[in-house]
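All of these numbers come straight from a predicted model, not from anything done at the bench.
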Amino acid sequence: MVCHECGTRIWQDDDAGTGATHLCQRCTRCGVLFHMDDAHYSSDAPGEEEPLCRACHKRLERGHTIQNYYCKPEPIFYGDGPRYFGVELEIDSGGESNVNAEELLQIANTGEERAYCKHDGSLEDGFEIVTHPMTLAYHQESMP
């Protein structure tokens, strides 16, 4: 196949596009389109072959707690369904501080990954906390 954006030939299994629009690759963290020659891989995850764009790779290698706005990890469902809810809590005027985000995540993620922090362009000086999907009962009774 030929990438619709850059004209590079790619294997059908490596097609990151949809339908008739064939694409080289997208970052697995933020979704940005990039050429396969520009793919980076995390040294923290041996054997994990998912490509990252340069910005996400740098953020991951430096240990940034606040992820890119487009970061959307695989959801982890908590509680017994059928209905799940997620929270996006925007914190503004407190600084986009990795130290503050780390403190909040230490509380929320005691024992399990329940939440993550993301940059939000609508905020002047802050970030957002996003929870994985949880039942209402789990939010009320088990979420720290």
Side-chain angles (χ1 to χ4, degrees), residues 1 3-6 8 10-19 21-144:
M1 311 191 123
C3 176
H4 179 76
E5 292 291 317
C6 70
T8 300
I10 56 175
W11 292 104
Q12 184 173 351
D13 289 344
D14 294 333
D15 184 5
T18 57
T21 304
H22 308 294
L23 298 172
C24 286
Q25 194 59 272
R26 291 192 177 273
C27 177
T28 56
R29 292 189 141 236
C30 71
V32 71
L33 180 68
F34 60 91
H35 192 279
M36 286 300 293
D37 291 344
D38 297 326
H40 297 272
Y41 298 90
S42 173
S43 61
D44 292 342
E48 186 175 309
E49 297 298 323
E50 295 181 355
L52 301 172
C53 68
R54 187 171 75 80
C56 286
H57 181 258
K58 277 187 172 183
R59 179 175 274 118
L60 186 65
E61 292 298 311
R62 282 194 227 135
H64 284 257
T65 303
I66 301 173
Q67 302 298 318
N68 183 298
Y69 174 76
Y70 297 103
C71 174
K72 187 173 181 186
E74 191 70 29
I76 303 169
F77 292 87
Y78 291 96
D80 295 322
R83 188 169 287 169
Y84 294 87
F85 304 91
V87 174
E88 289 187 14
L89 178 61
E90 295 180 342
I91 302 172
D92 206 357
S93 301
E96 189 171 326
S97 164
N98 282 301
V99 173
N100 292 343
E102 184 63 37
E103 286 184 40
L104 291 166
L105 291 179
Q106 283 179 1
I107 295 166
N109 291 341
T110 304
E112 299 181 74
E113 181 188 330
R114 295 181 186 95
Y116 52 98
C117 295
K118 295 171 47 169
H119 168 78
D120 188 327
S122 70
L123 303 175
E124 290 184 30
D125 189 26
F127 59 92
E128 71 180 12
I129 303 169
V130 181
T131 68
H132 284 279
M134 302 171 188
T135 61
L136 180 59
Y138 190 93
H139 273 288
Q140 293 173 324
E141 299 164 11
S142 302
M143 181 65 182

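Side-chain atoms of Val87 and Val130, non-hydrogen and from C-beta on, never get closer than 4.5 Å to each other.
For the side chain to side chain contact (heavy atoms under 4.5 Å, CB included) criterion with Ile91, the lone passing option out of Asp120, Asp125, Leu104 is Leu104.
Heavy-atom minimum distance, Glu90 versus Ser122: OE2-OG, 3.8 Å. What you find for Thr135 and Asp80 is that their closest heavy atoms are CG2-O, 3.4 Å. Considering all non-hydrogen atoms of both residues, Pro133 and Tyr84 come closest at CB-CB, 3.8 Å. Closest non-hydrogen pair, Tyr138 versus Gly79, comes out as CD1-N, 3.9 Å. Closest of all the heavy-atom pairs between Cys3 and Leu23 is SG-CA, 3.8 Å. Here the closest heavy-atom approach between residue Pro144 and residue Ile107 is recorded as CB-O, 3.3 Å.
The structure places CZ of Arg114 at 6.5 Å from CE of Met143, a figure rounded to the nearest 0.5 Å. In this structure, the separation between CD on Glu102 and SG on Cys117 is 8.5 Å, given to the nearest 0.5 Å. In this structure, OG1 on Thr8 lies 14.5 Å from CE on Met1, to the nearest 0.5 angstrom. For the atom pair CD (Glu96) and OG1 (Thr65), the distance works out to 11.0 Å, reported to the nearest 0.5 Å.
With a 6.0 Å radius and a threshold of 12 heavy atoms from other residues, nucleotides or ligands, Tyr78 has its OH atom above the threshold.
Formation of a donor-acceptor pair under 3.5 Å by the Lys118 side chain with backbone atoms of Asn68 is not found in this model. A donor-acceptor distance shorter than 3.5 angstrom exists from the side chain of His139 to the backbone of Phe85, with no hydrogens or angles considered. Using modelled atom types, no side-chain atom of Thr131 and backbone atom of Ala115 make a donor-acceptor pair closer than 3.5 Å. The backbone N or O of Leu123 sits nowhere less than 3.5 Å from a side-chain atom of Asp92 that would complete a donor-acceptor pair.
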Check against ring-ring contact (aromatic ring centres under 6.0 Å, His included), His132 and Tyr116: CA-CA 8 Å; His132 284 279; Tyr116 52 98; 5.5 Å; yes

Start with the C-alpha distance between His119 and Gln67, add both sets of side-chain angles, then the distance that settles side chain to side chain donor-acceptor pair (under 3.5 Å), and finish with yes or no. CA-CA 6 Å; His119 168 78; Gln67 302 298 318; over 6 Å; no

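Looking at residues two or more places apart in sequence or on another chain, you find a side-chain hydrogen bond (donor to acceptor under 3.5 Å, both in side chains) between His22 and Asp15.
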